[in-house]
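First up is the structure itself, then whatever we jot down about it.
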Amino acid sequence: MRLLVTIFVGVVFGFFIGVSFPTLTLTRFNLPSSLIPSIDLSYIEDRNSAFSTQSLWQHAWSSVIRQNRSQTAESRNLTDTTKIWVPTNPRGAERLPPSIIASESDFYLRRLWGKPSEDLTIKPKYLVTFTVGLNQKENIDAAVKKFSDNFTILLFHYDGLTTEWDEFEWSKRAIHVSARKQTKWWYAKRFLHPDIVASYDYIFIWDEDLGVEHFDAEEYIKLVRKHGLEISQPGVDPDRALTWQMTKRRDGREVHKETKEKPGWCANPHLPPCAAFVEIMAPVFSREAWRCVWHMLQNDLVHGWGLDFALRRCVEPAHEKIGVVDSQWIVHQSVPSLGTQGQSVDGKAPWLGVRERCRKEWTMFQGRMASAEKKYYIELGINPPNATGRLQ
C-alpha cells in the first residue's frame, strides 16, 4: 500500500508541475546535433497543439535513421568501385572510363562506308587556313597549289559563297566554313581550338592577298624546324610598301630574327618591333605556340591589331623562337577585301569604318593586356616589370 500511495502521489505531483508551466517549449532546448541532427523545429507546435513527447521522439528517431541511411549511401558511392568517377578526366567526363575519351579532334575527312581504319590514305601533318572571298579565287588557287598533300586546306568564307569554289579539284577535298562579314581571327577563335588542331605540327593562318610565286611550303617547314622557330612568317617582298622593317626579306639569308627600326622605336633590341615579332598577315604557329596564342585571342576584338606585339608572350626566349624566313618569301598584294564588307556610316566610305575599328581594337587590346599584367603582379605583391614592347 505504501508503494502504491507513493506512485500515486508522484503522478499527481508531476501532473501539477506540467499544468503550472504550460508555456515551456522544446525550442528552448539545444539538442546535440550528433544526437538529433536534422529535427525540423517548425514541426514542434505551440502550447495549444496536441503535440506529445512520444511523437517528438518518434520524429527525432526517424530523422536520425534517415540521415544515417543517407550517409551510408554517400559513403557507398565514394567507395563503390562499380561506379566510374575519374577526377583526372576532362571536366564533365569524370563518369567515363579514361580509355574511351577522345579529347582532341582534327579536320580529316571520313567516308560514309567501309572500315574506319581504312578511311585515310594519308594523315596531313600541317594545316593551312585562308580567309577568302570569291573575288580572290584565282589567287587562292595559286596559293593552295603551293601546299602538298601533307597539308589540310581550310577556307573561311566571309562572303558566304562556298559551292562556287568547286571548279577547283582541290576544293572538293578542302574544308569550307562560311560566316558572312567575319575576319580570320574571329574564325580562328571559334574553329581552331587547340584541341581541334592538335594533330597538326604547324598551323598557317593566312590572308587571301599573298603572292606565292617564290614560296614552297615543304621547304618552309624544313627551315622552320632547322632554326627552331615556334612562330614565324615568310619574308615580304621589299619592293612593296612595308610597315615594319622586321618582315622585309633579306637577300642571301635563310632566316632572320632581329632588325633595326627607326630611332626610338625599340627600347629593347630583343622586343618588338626589332625582335620577337611577325605580322598578322601570314603567321605560322607550332602546335605548342598556337595553344597559347588561341587563349590570348579576344572574342570581341576580331581584327587582330596589336596581337603581333603580344605573340612573344607565348614562347621563351621569344627573340630566338620568333623569326622571318627569307628564302621562302611572299608578295603582299594589299587587297582591301574586308574593307568592302564594311558599312558606310555618316557618309564615310565602308573601308574607313573598318580601319577605324582596327585602330580602336589595337588600343583596347593594349589596354587589356597591360591591365591583366598589372593585376597579376599586384596579386603577387610585386611591382610589374617594365618589359612591354612599343605599341603605336
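On a predicted model such as this, the values are computed, not experimentally measured, just so you know.
Not one N or O on the side chain of W185 forms a donor-acceptor pair closer than 3.5 Å with the backbone of V302. At distances below 3.5 Å, not a single donor-acceptor pair connects side-chain atoms of E258 with backbone N or O atoms of A275. Under a 3.5 Å cut-off, the side chain of Q233 and the backbone N or O of E279 do form a donor-acceptor pair. Using a distance-only test at 3.5 Å, with no hydrogens or angles considered, no donor-acceptor pair links the side chain of E379 to the main chain of Y377. Remark: side-chain polar atoms of D326 are paired, donor with acceptor, to backbone N or O of H256 under 3.5 angstrom. Looking at H176, its side chain does come within 3.5 Å of a backbone N or O of S171 through a donor-acceptor pair. Between the side chain of K321 and the backbone N or O of V315, no donor-acceptor pair lies under 3.5 Å. Side-chain N or O atoms of Q136 include none that pairs as donor or acceptor with a backbone N or O of L134 at under 3.5 Å. Between the side chain of W290 and the backbone N or O of L192, at least one donor-acceptor pair lies under 3.5 Å.
Within a 6.0 Å radius of CZ in R95, no more than 12 heavy atoms belonging to other residues, nucleotides or ligands are found. Within 6.0 Å of CD in E261 there are more than 12 heavy atoms belonging to other residues, nucleotides or ligands. For I122, the CD1 atom is densely surrounded, since the number of other residues' heavy atoms within 6.0 Å is greater than 12.
Between S148 atom OG and F151 atom CZ the span is 5.5 Å, to the nearest 0.5 Å. Taking OG1 of T129 as the reference point, atom CG of L127 lies at 6.0 Å (rounded to 0.5 Å). Here the CZ atom belonging to F168 is positioned 7.0 Å from the NZ atom belonging to K145, to the nearest 0.5 angstrom. Note that CG of D159 is 12.5 Å distant from CD of Q182, once rounded to the nearest 0.5 Å. The OG atom of S371 sits 10.0 Å away from the CZ atom of R368 when rounded to the nearest 0.5 Å. Rounded to the nearest 0.5 angstrom, S178 OG and R180 CZ are separated by 6.5 Å.
The aromatic ring centres of F130 and F204 sit 6.0 Å or more apart. For W294 and H193, the distance between ring centers is under 6.0 angstrom. Between Y108 and Y200, the ring centre distance stays below 6.0 Å. Note: F285 and Y202 fail the aromatic proximity criterion, with ring centroids not under 6.0 Å apart. The six-membered or imidazole ring of H303 lies away from that of W186, with a centre-to-centre distance of 6.0 Å or more.
W244 and F309 have perpendicular rings, their planes meeting at more than 60° on a 0 to 90° scale where under 30° would count as parallel.
Under 4.0 Å is where a charged nitrogen must lie from a carboxylate oxygen, and between D207 and K184 at least one such pair does. Salt-bridge check for K248 with D237: failed, with every basic side-chain N at 4.0 Å or more from each acidic carboxylate O. For the pair D201 and K125, the salt-bridge criterion is not met [side-chain N within less than 4.0 Å of a carboxylate O]. With respect to E254 and K226, a salt bridge is recorded, a charged nitrogen being found less than 4.0 Å from a carboxylate O. The pair R291-D195 meets the salt-bridge criterion, with a side-chain N (NZ, NE, NH1 or NH2) lying under 4.0 Å from an Asp/Glu carboxylate O. Using a 4.0 Å cut-off between charged nitrogen and carboxylate oxygen, D300 and K189 do not count as a salt-bridge pair. Contact check on K222 versus E219 returns a salt bridge, with a Lys/Arg side-chain nitrogen under 4.0 Å from an Asp/Glu carboxylate oxygen. Here K137 does not pair with D141 in a salt bridge; the nearest charged N to carboxylate O distance is not below 4.0 Å. Note on R249 versus D251: salt bridge recorded, some NZ/NE/NH1/NH2 to OD/OE distance being below 4.0 Å. Ion pair K146/E213 not flagged as a salt bridge, since none of the NZ, NE, NH1 or NH2 atoms sits closer than 4.0 Å to an Asp/Glu carboxylate oxygen.
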Are M296 and C314 close enough, and set up right, to give a side-chain contact (heavy atoms from CB on, under 4.5 Å), and what steps lead you there?
CA-CA 9 Å; M296 189 165 55; C314 287; 4.2 Å; yes
Apply side-chain contact (heavy atoms from CB on, under 4.5 Å) to residues V177 and F107 and explain how you reach the verdict.
CA-CA 12 Å; V177 177; F107 289 111; 5.9 Å; no
Before giving the answer on side-chain contact (heavy atoms from CB on, under 4.5 Å), spell out for W165 and L155 the whole-Å C-alpha distance, their side-chain angles and the decisive distance to 0.1 Å.
CA-CA 10 Å; W165 292 77; L155 299 188; 4.1 Å; yes
Stepwise side chain to side chain donor-acceptor pair (under 3.5 Å) test for E218 and N150:
CA-CA 9 Å; E218 291 286 353; N150 272 329; 3.0 Å; yes
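The minimum heavy-atom distance between H270 and A276, with the atom names listed, is O-CB, 3.8 Å. Taking both residues in full, the closest heavy atoms of L297 and A188 are given as CD1-CB, 4.3 Å, listed atom of the first, atom of the second, then distance. Minimum heavy-atom separation, Y220 to S232: OH-OG, 2.7 Å. Closest approach of R111 and K115 over heavy atoms only: NH2-O, 3.2 Å. For the residue pair I231 and A289, the shortest heavy atom distance occurs at CG1-CB, 3.8 Å. Nearest heavy atom pair, residue H227 against residue K257, reads O-NZ, 3.3 Å.
In this structure, W329 is not a member of the same hydrophobic cluster as F147, with clusters built from ILVMFWY side-chain heavy atoms closer than 4.5 Å.
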